[in-house]
Colleague: 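Could you have a look at this structure, given as structure tokens, before my questions?
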Number of protein chains: 2
Amino acid sequence: MSDGRNGPVTIHDVARAAGVSIGTVSKALNNTGSLAPATREKVLAAVKALNFRPNVLAKSLHTGLSGTVGLISNDSFGRFTMPIMEGLEGVLSENGMGVFMCNATDDAEREKAHLEQLLAKQIDGIVVTSRRADRRPAVDLQGIGLPVIYVFSHSDDPDDLTLLPDDEGGAFTAVSHLIQSGRKRIAHVTGPDHFEAVRLRQKGWLAALAQAGLPPGPILHGEWSEAHGRALTTELMVGPFRPDAILCGNDRIARGAADALRESGLRVPEDVALVGFDNWKVMVEACRPPLTSVDMNLRELGAETGRRMVQMIRGTPQSGTIRLPCSLVLRDSA
Amino acid sequence: MSDGRNGPVTIHDVARAAGVSIGTVSKALNNTGSLAPATREKVLAAVKALNFRPNVLAKSLHTGLSGTVGLISNDSFGRFTMPIMEGLEGVLSENGMGVFMCNATDDAEREKAHLEQLLAKQIDGIVVTSRRADRRPAVDLQGIGLPVIYVFSHSDDPDDLTLLPDDEGGAFTAVSHLIQSGRKRIAHVTGPDHFEAVRLRQKGWLAALAQAGLPPGPILHGEWSEAHGRALTTELMVGPFRPDAILCGNDRIARGAADALRESGLRVPEDVALVGFDNWKVMVEACRPPLTSVDMNLRELGAETGRRMVQMIRGTPQSGTIRLPCSLVLRDSA
DNA sequence: CTAAGGTAGGAAAAGGTTTTCCGATCGCAG
DNA sequence: CTGCGATCGGAAAACCTTTTCCTACCTTAG
């Protein structure tokens, strides 16, 4: 239903159709200035008839704001980035803004190239996300004052804003739940301890035990895989400490643990209770029994990132490290 | 290292610094027109000194091309969308273009809103992706001639360009491999047959069997889950047809099958060989034994989408349905 | 030495929108 | 009936870049 001729319909076409000037059309569209109701309606009718859509580029050129945020992922759009993106995109699109995707894959060269592209595209802000092994150098903005948020990723500059799940709190909640349901001997099987998250979850585990006056069980580190979950759990069960519950560093380890326990004749949760971490749907549901797990609420983390980004773009600077709560999702394993 | 004052540095600042006109700066930057080498260098030096970055918005306003493609996902950035995005983004960013992410979640209302936003942002093309249960109505472009590609998703308009993995060929390859390794009684445990992919994979399975003169085994449909993989496999094994191999509709079903077989005392692959579909890393690796699986090469599918999108934007129209080959990744289960 | 041709670089328009500023018209009051 | 004020709407600049066209200068050849 475009007019069918000579390319895109512009504000000039609308002005001509409505018999007014382009300034008037602009005012009618944006509800600015003072216009007679009749004029406004006349313009809006023409807008509708011509199916006019204001060119955002032209507007951006004028306002200096493009309504676009760049998302630089170092996770190759992996499992953790997805829900974050989803939350972020949801909030931003509600505010009429969009998200530009870039995949840097931990390659500093690529990241720099993407950054150049984003800056040239006049983005209003940058969100950096990653696999979160450790703190990363701050993005080099070359002195351009642009809002940046690190989410599920940690800048080494304390003046930056960083958003993370509360790993420690999540582990604390999980272990407290185990204690409340009567468990007294709680071990921890988890990932490599060069992950900050691993150290924090360990801290939460210890804190909950200490609060209840229970002795800390053993902690075993391995890779984030089911195979290691099985192996470490088997190792744990033949040791002197006979756990009646295991806090697992992630769902894959937990699932490996569940398999190992079942195959060695132990029942979950009767003999040993199990809590995972990530609440990854396919894992927790496929686990036998379905796995109780800590959800990092990544979607909400992304949404919060979006809200704060909007605020920053509107002029409220923010900094510091903020941790958002995790929640425990109960199923059958604990 | 921006000049520190009065906002972003523009082409005017560069012109002033180099002592030339803005037109000359533009020519130096784009290698157009005729300029004395000395002048060109003088300008480039000023560009560097001021850290000037041309405003893409202004350029786009002039050329009518924004260098941006919109990606509308109905998969909530799910597991299948990710690698496609990755391939797409890789190719486009090599061509200096960017990807705008939109999550429509199969909500026609949201999709329309996103489409409006994208059109207003003057995108040069649209990529639509989804969970691919069935053909979907073509995106309503309201007569605006804009390149559209449906990938892992199927438009109901044959004049649109649709890119899909060759499900039939993938299944054919998998079954042929089973036959070549001596299997003669090959069953098929798969997902709900309202998926086009399910019907196509079934076709490939039958074709490979027919080519080898083998009788078709039973086909069992269920949900795409491990639990159904286990249940259907158990059901299959107590039936009259004693399969020595199973083609599974996806990796989750295959993993369920592997568990069911192992737990009923059968060995994989010695007694029953297993092939999955999707080659989903966490599944195939966690499977015991590691799963041989058909890879849909989604990353390459995304890359091809990017290449064709670039061609379309440059003026070469394309249409029809194109299926890209799958490949069989051998591990221990077959 | 003069004229012609070629080349370097500048001026200005175009691209679509917002916004400011100003003029004109209408109505009402004196 | 005249004048003032308020309100409506138009003209034009600004945002930043590209590109076309043109001028001026230099070189070379006659």
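Letters go in sequence order (proteins before strands), and every chain restarts at 1. Excluded from the calculations below are hydrogen atoms, water molecules and symmetry mates; all remaining heavy atoms, backbone and side chain alike, are included.
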Colleague: Quick check: do B:Ile126 and B:Leu141 have side-chain heavy atoms less than 4.5 Å from each other?
Modeller: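 Yes, at least one pair of side-chain atoms sits under 4.5 Å.
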
Colleague: At under 4.0 Å between heavy atoms, what does A:Val20 touch on the DNA or RNA strands: base, sugar-phosphate, or nothing?
Modeller: sugar-phosphate

Colleague: Starting from the 5' end of DNA chain D, give me the residue, B:Thr24 or B:Ala58, whose nearest nucleotide shows up first.
Modeller: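 Looking at the nearest nucleotide for each, B:Ala58 comes out on the 5' side.
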
Colleague: Output all residues satisfying ring-ring contact (aromatic ring centres under 6.0 Å, His included) with A:Phe100, sequence neighbours left out; order by chain, then residue number.
Modeller: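 Checked A:Phe100 against ring-ring contact (aromatic ring centres under 6.0 Å, His included); matches are B:Phe100.
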
Colleague: Going by side-chain hydrogen bond (donor to acceptor under 3.5 Å, both in side chains), name the residues that satisfy it together with A:Thr10, two or more places apart in sequence or in a different chain.
Modeller: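 If we apply the side-chain hydrogen bond (donor to acceptor under 3.5 Å, both in side chains) test to A:Thr10, skipping adjacent residues, there are no hits.
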
Colleague: Find which nucleotide of DNA chain C each of B:Ile22 and A:Phe52 is nearest to by heavy atoms, and output the residue with the more 5' nucleotide.
Modeller: B:Ile22

Colleague: What is the distance, rounded to the nearest whole Å, between atom CG of A:Leu35 and atom P of C:dT18?
Modeller: 13 Å

Colleague: Is a side-chain donor-acceptor pair under 3.5 Å present for B:Asn31 with B:Arg40?
Modeller: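 A pair is found: one side chain offers a donor N or O, the other an acceptor, under 3.5 Å apart.
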
Colleague: Return the CE to SG distance between B:Met101 and A:Cys102, rounded to the nearest 0.5 Å.
Modeller: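 Output value for this atom pair is 11.5 Å.
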
Colleague: So for B:His62 and D:dT17, does any side-chain atom that can act as donor or acceptor lie under 3.5 Å from a complementary atom in the base?
Modeller: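 No such pair is found, so the answer is no.
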
Colleague: Categorize A:Ser26 for me: base, sugar-phosphate, or nothing, with a 4.0 angstrom heavy-atom threshold over every strand shown.
Modeller: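 Base: the residue A:Ser26, judged by heavy atoms under 4.0 Å, touches a nucleobase.
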
Colleague: B:Asn55 side chain N/O closer than 4.0 Å to the phosphate oxygens (OP1, OP2) of D:dC15?
Modeller: no

Colleague: With nearest nucleotides of DNA chain C determined for B:Ser21 and B:Leu61 from heavy-atom distances, which residue corresponds to the more 5′ nucleotide?
Modeller: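 Its nucleotide being nearer the 5' end, the pick is B:Ser21.
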
Colleague: B:Thr39 side chain N/O closer than 4.0 Å to the phosphate oxygens (OP1, OP2) of C:dG9?
Modeller: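 Yes, B:Thr39 has a side-chain N/O under 4.0 Å of OP1/OP2 on C:dG9.
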
Colleague: Could you state the CG-P distance from B:Leu29 to D:dC16, rounded to the nearest angstrom?
Modeller: 15 Å

Colleague: Under 4.0 Å between any heavy atoms, over every strand shown, what does B:Leu57 touch: base, sugar-phosphate, or nothing? Just pick one.
Modeller: nothing

Colleague: Would you say B:Ser34 reaches C:dT7's phosphate, i.e. side-chain N/O to OP1/OP2 under 4.0 Å?
Modeller: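 Negative; the distance criterion is not met.
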
Colleague: Taking N and O atoms by type only, does the side chain of A:Lys27 place a donor or acceptor under 3.5 Å from a partner on the base of D:dG10?
Modeller: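 Yes.
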
Colleague: Rounded to the nearest Å, what distance is computed from the CG atom of residue A:Asn31 to the P atom of nucleotide C:dT18?
Modeller: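 Whole-Å distance recorded here is 12 Å.
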
